[in-house]
Asker: 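The following block contains the structure, expressed as structure tokens.
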Amino acid sequence: MSIYDTLNKEQREAVFHTDGPLLILAGAGSGKTRVLTHRIAYLIEEKGVNPWNILAITFTNKAAGEMRERVDQLVGFGSESIWVSTFHSSCVRILRRYIDRLGYENNFTIYDGDDQKILMRDVCKMAAIDTKVYKERSLLAAISSAKDEMISPEEYELNAAGDFGKQKTAKVYREYEKQLRANNALDFDDLLVKTVQLLQTQPDVLEYYQQRFRYIMVDEYQDTNTVQFKFVSLLAGKYKNLCVVGDDDQSIYKFRGANIKNILNFEKEFQDAKVIKLEQNYRSTGNILSAANAVISNNVGRKAKSLWTENKEGEKIQLRQFDTAYDEAEFIAEDIRKNVGAGAVYNDNAVLYRTNAQSRLLEERFVSSNIPYKIVGGVNFYARREIKDLLAYLKTIDNGQDDLAVRRIINVPKRGIGLTTINRVQESAAKREIGFYDALRGLDLIPNIARGAAKLESFVALIEYFKGVARTESLSDLIKEIIEKTGYVEELETEDKEDAQARIENIDELISKIAAYEENSQDRDEKPTLSGFLEEVALVADIDSLDENQDYVVLMTLHSAKGLEFPHVYLAGMEDGLFPSYMTVTSDDPEEMEEERRLCYVGITRAKKELTVSCARKRMVRGETHYNKTSRFLKEIPEELMETGKTFREDLEIPTQNAYFQAKQAFKTKAFSTGKTAQQFTVTKGKKLDYTVGDRVRHIKFGEGTVEAITEGGRDYEVTVQFDKAGVKKMFASFAKLQKIK
DNA sequence: CTTGTTAGGATTTTT
DNA sequence: TCCTAACAAG
């Protein structure tokens with residue numbers, strides 16, 4: 001019996017078809033990862049392919065890690081020399097070796113969205129563009145889609161003839177590119193664009209990678225954009241051993257340039273491509289799958305396919321409607337608690353929503369219900385202020401050409417270097433066409449900075465000192481030295497007590513991430529370098545931090561949930577205007593609604609055993625109360641598949657723009673809630689706390705600590721606790737749910 | 001040059 | 001509602 005016997009007919013066909021182009025259309029839950037991993041195993045074990053010649057591209061680092069792990073289990077040895085990585089990190093690896101051929105230095109830095117925006121602001125200032133008329137974000141969006149389509153600034157300009165707005169954009173695009181180059185920096189899109197440019201212009205480099213990657217596999221193929229497709233087709237151009245796996249029904253990144261034509265064009269670009277459909281679903285119950293099929297069948301533009309399953313019908317889909325989003329959150333928390341009581345672990349449950357902002361209410365509810373949870377998304381760890389500051393130090397030490405980084409930290413912590421001084425340096429640097437940091441090193445050449453000169457000099461001396469440390473000491477020592485010498489943490493502490501603790505924790509985490517990086521490199525027999533660390537850090541997504549070994553409920557957006565599965569799934573906020581989003585509802589492009597529906601399909605098919613969909617009649621959005629109808633997607637699920645609780649009333653559909661009605665509602669709500677608060681007031685206060693000053697207590701998130709003070713707040717007790725790990729926190733007793741220890 | 005105040009924007013999704 | 005960036009005052 002071999003490992004391939006457990007596959008079905010189509011899966012086996014896909015695994016055994018090793019040579020020549022192959023397109024696998026894999027429906028949700030049809031075991032595509034199994035096919036990919038078994039295919040790799042088959043290549044190595046049966047076909048004698050050197051692992052070194054295999055490249056597998058996934059969407060996230062997490063998926064890459066999992067794939068490697070699973071291949072590891074199937075293959076005896078050698079899996080470590082397979083390249084399994086994301087598009088972006090593959091490109092970085094190639095560019096680090098060869099980008100000097102395009103006139104960059106090999107230690108280029110990578111700009112994230114925030115960096116791009118700062119750079120764009122400077123560009124607009126320079127080009128005298130009013131950012132009130134042309135927003136940085138929309139300019140960047142235009143440039144990004146141009147890059148996705150591999151349109152250069154010059155081409156963009158040609159296309160812009162006659163269109164004033166486009167001409168402006170073209171001008172900005174050109175200047176933006178110039179600045180990036182001057183900073184020796186690439187943005188995310190550049191990583192792909194420059195790699196393709198490199199492969200197109202350097203025959204020997206192309207030849208090398210074509211030889212090396214004789215077998216290429218691409219996961220989540222439906223979400224690739226034009227430049228990614230070009231990258232893959234160049235690499236596979238010689239041997240054509242390219243296997244792509246995708247599902248057009250799960251294409252949810254069109255807004256980011258994902259090009260559905262890549263699936264359709266595949267057979268054109270690679271003639272005699274074999275196409276295999278995987279249509280048996282192993283993940284979900286019959287009811288869940290029927291619901292998913294029913295919803296997605298409303299889309300016109302899709303490849304015909306029919307997913308089926310041998311699984312049992314299972315539970316009906318639970319539909320709940322609530323008065324407010326608070327009620328919804330409360331229900332979800334309680335229901336999860338019920339699941340856990342019935343034998344599930346927290347990890348079996350996931351709550352999915354359309355926008356990150358929805359996580360807040362849920363989080364509050366989970367804290368007060370003592371349910372461990374993890375929120376994926378929102379602000380990336382490496383995008384936090386304190387982390388970016390420290391990374392800017394590291395970047396400055398590593399690559400003095402990154403002006404953005406230098407300017408970020410020149411006065412952080414405060415050194416009395418103000419805007420006027422910085423601008424003078426900037427002007428002088430621009431005039432002489434040298435970098436900001438280089439200008440700092442030749443201070444005497446800059447006019448009118450007599451007063452600031454001494455401070456600037458000591459800043460330069462500090463950086464030069466760090467460079468020395470970087471040469472002789474380990475990375476861990478370097479970061480500690482930076483924190484020490486700059487007094488960064490002390491500065492934080494004096495600034496604001498509330499935030500400071502969390503920020504210091506983040507810094508500690510950064511230190512351990514650096515240590516982990518050093519360890520990992522040593523395991524791989526690589527030398528840990530500053531550039532290496534910065535590179536790794538630039539490309540991590542929040543989803544990568546999900547850890548199956550920890551038991552928590554996962555909260556995330558539908559987009560982040562792609563590729564994951566859970567026994568119990570909650571789709572929250574199923575309301576028109578939220579999901580599908582307001583933008584989509586008001587748009588006159590029907591394609592957008594189809595994409596939104598695909599997103600819904602992705603959400604439904606994440607569920608293995610039980611799916612709960614919920615909505616609220618009334619929801620606070622940016623401080624305003626919105627009255628939403630139930631989502632049109634709910635109406636697309638056949639009624640017989642659903643079960644509604646007592647709380648659901650479909651008849652009640654509230655008009656959105658009726659001022660009188662809203663006023664009436666608001667009045668009612670107010671009247672009602674005052675009464676309720678008064679009640680709560682007595683309840684909470686009447687209830688005595690079972691701990692007092694000096695007692696040891698436990699908090700769900702912050703761990704153990706000692707109560708330092710208890711004060712009577714407006715309607716609740718305010719408790720100050722010194723936590724062992726998390727520092728001092730102030731919180732409301734009824735919200736914090738502290739438990740006394742012993 | 002630093003600090004405090006205010007006005008405006010954000011929330012559709014992210015490597 | 002909350003956060004950021006721009007502006008004004010010390």
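Just so we're clear, the structure is a prediction, and the values are computed from it rather than from any experiment. Every chain is numbered from 1 and lettered A, B, ... according to where its sequence line falls, protein lines coming before strand lines.
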Asker: Across nucleotides 9-15 of chain B, 5' to 3', mark each nucleotide with B, S or - according to how protein heavy atoms within less than 4.0 Å reach it.
Answerer: -BBBBBB
Asker: Could you pull out the protein-nucleic contacts involving nucleotides 1-7 of chain B (nitrogen or oxygen on both sides, under 3.5 Å)?
Answerer:
residue : atom : partner : partner atom : Å
B/dC1   : OP1  : A/G418  : N            : 2.3
B/dC1   : OP1  : A/T421  : OG1          : 3.1
B/dC1   : OP2  : A/T420  : OG1          : 2.6
B/dT2   : OP1  : A/G416  : N            : 3.0
B/dT2   : OP2  : A/N411  : ND2          : 3.3

Asker: Can you label the angle between the A/H88 ring and the A/F188 ring as parallel, tilted or perpendicular, going by 30° and 60°?
Answerer: perpendicular
Asker: Are A/K147 and A/D190 within salt-bridge range, i.e. N to O under 4.0 Å?
Answerer: yes
Asker: Do the ring planes of A/F579 and A/F633 sit parallel (below 30°), tilted (30 to 60°) or perpendicular (above 60°)?
Answerer: perpendicular
Asker: What pairs with A/Y517 under ring-ring contact (aromatic ring centres under 6.0 Å, His included), at least two apart in sequence or on another chain?
Answerer: A/F533
Asker: Go through the side-chain N and O atoms of A/Q116 and A/Y176 and say whether any donor and acceptor fall under 3.5 Å apart.
Answerer: yes
Asker: Tell me the side chain to side chain donor-acceptor pair (under 3.5 Å) pairs involving residues 56-65 of chain A, sequence neighbours left out?
Answerer: A/N61-A/D544, A/K62-A/E66, A/K62-A/E548
Asker: Checking side-chain hydrogen bond (donor to acceptor under 3.5 Å, both in side chains) between A/R619 and each of A/E328, A/H626, A/E624, which is the one that passes?
Answerer: A/E328
Asker: Regarding A/S359 and A/N356, is there a side-chain donor-to-acceptor distance under 3.5 Å anywhere?
Answerer: no
Asker: I'd like to check the ring-ring contact (aromatic ring centres under 6.0 Å, His included) partners of A/F255; sequence neighbours left out, ordered by chain and number.
Answerer: A/Y253, A/H559
Asker: A/R619 has an atom CZ; how far is it from atom P of C/dT1, in whole Å?
Answerer: 16 Å
Asker: Walk along nucleotides 4-10 of chain C from 5' to 3' and tag each nucleotide B, S or - by protein heavy-atom contact under 4.0 Å, base first, then sugar-phosphate.
Answerer: --S----
Asker: Looking at A/I263, is its backbone amide N or carbonyl O close enough to the side chain of A/Q222 to form a donor-acceptor pair, meaning the two atoms are under 3.5 Å apart?
Answerer: no
